[in-house]
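Side-chain atoms are counted along with the backbone in the values below, which use heavy atoms only and exclude waters and symmetry mates. Lettering of chains follows the sequences in order, A, B, ..., and the numbering in each one begins at 1.
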Amino acid sequence: MSKRYWLFKSDPDEFSIEDLKNSKDKTACWDGVRNYQARNFIRDEIKKGEGVLFYHSNTDPLAITGYCKVVRENYPDDTQFDPKNKHFDSKSKPDSPTWVMVDIRLVKKFKNPIHLTSIKKNPKLKGLKLVKKGNRLSVMPVTKAEWDEILKLGNG
DNA sequence: GCCAACGTTGGC
DNA sequence: GCCAACGTTGGC
């Protein structure tokens, strides 16, 4: 299977691209996903070496702020077993974890963050799931054409 | 297995 | 703060 591309949403109050940049090796685990569709992407489809766009939600400006690559795929999300963690899941068992995560490493913070308003105005990006009505997934696939366009805009 | 009620997401 | 859209829960 050929390389695929993804977009991850994050509330910068929780975890921003700056936080990722300041992490050791600019690498962090993407924990806390508690949606089955998003989980299935992480568990079954997101492979090491693939590209991830980093999107800031619930903030101003709403924007894609950079891109990353997957450096470790599909392993258990520890926060599900920690009763003190807000993502604790009492139904999940250590021998068959419900929730998994990947590690991503920051490749580049965009010189020009791509604002949601300009994404909506760009005909090349009108198919992006991010701007489709009713899409609330925090992890979603992006096509190669969309990926190329966003990298071009971000670095331009 | 249905579906109403409720909770969450996330743009505005 | 509002609310549309969607996911999850739980009674039946």
Rounded interatomic separation in angstrom, taking CG from Asn35(A) and P from dC6(C):
13 Å

Single-linkage hydrophobic cluster Tyr67(A)~Val142(A), side-chain heavy atoms < 4.5 angstrom:
yes

side-chain hydrogen bond (donor to acceptor under 3.5 Å, both in side chains) involving Arg39(A) - partner list, sequence neighbours excluded
none

I'd like to know if Lys124(A) pairs up with Glu149(A) as an ion pair, taking the criterion as any Lys NZ or Arg NE/NH1/NH2 lying under 4.0 Å from an Asp or Glu carboxylate oxygen.
yes

Can you tabulate the close N/O pairs, meaning under 3.5 Å, that link protein atoms to atoms of nucleotides 8-12 of chain B?
from    : atom 1 : to        : atom 2 : distance (Å)
dT8(B)  : O2     : Arg136(A) : NH1    : 2.8
dT9(B)  : O2     : Arg136(A) : NH1    : 3.4
dG10(B) : OP1    : Lys9(A)   : NZ     : 2.9
dG10(B) : OP1    : Arg136(A) : O      : 3.0
dG11(B) : OP1    : Tyr55(A)  : OH     : 2.9
dG11(B) : OP2    : Asn58(A)  : N      : 3.3
dC12(B) : OP1    : Lys120(A) : NZ     : 2.3

May I ask you to evaluate whether Lys133(A) reaches the phosphate of dA5(C), defined as a side-chain N or O under 4.0 Å from OP1 or OP2?
yes

With Gln37(A), which residues qualify under side-chain hydrogen bond (donor to acceptor under 3.5 Å, both in side chains), at least two apart?
none

Can a donor-acceptor pair be found between the side chains of Asp89(A) and Trp99(A) at a distance below 3.5 Å?
yes

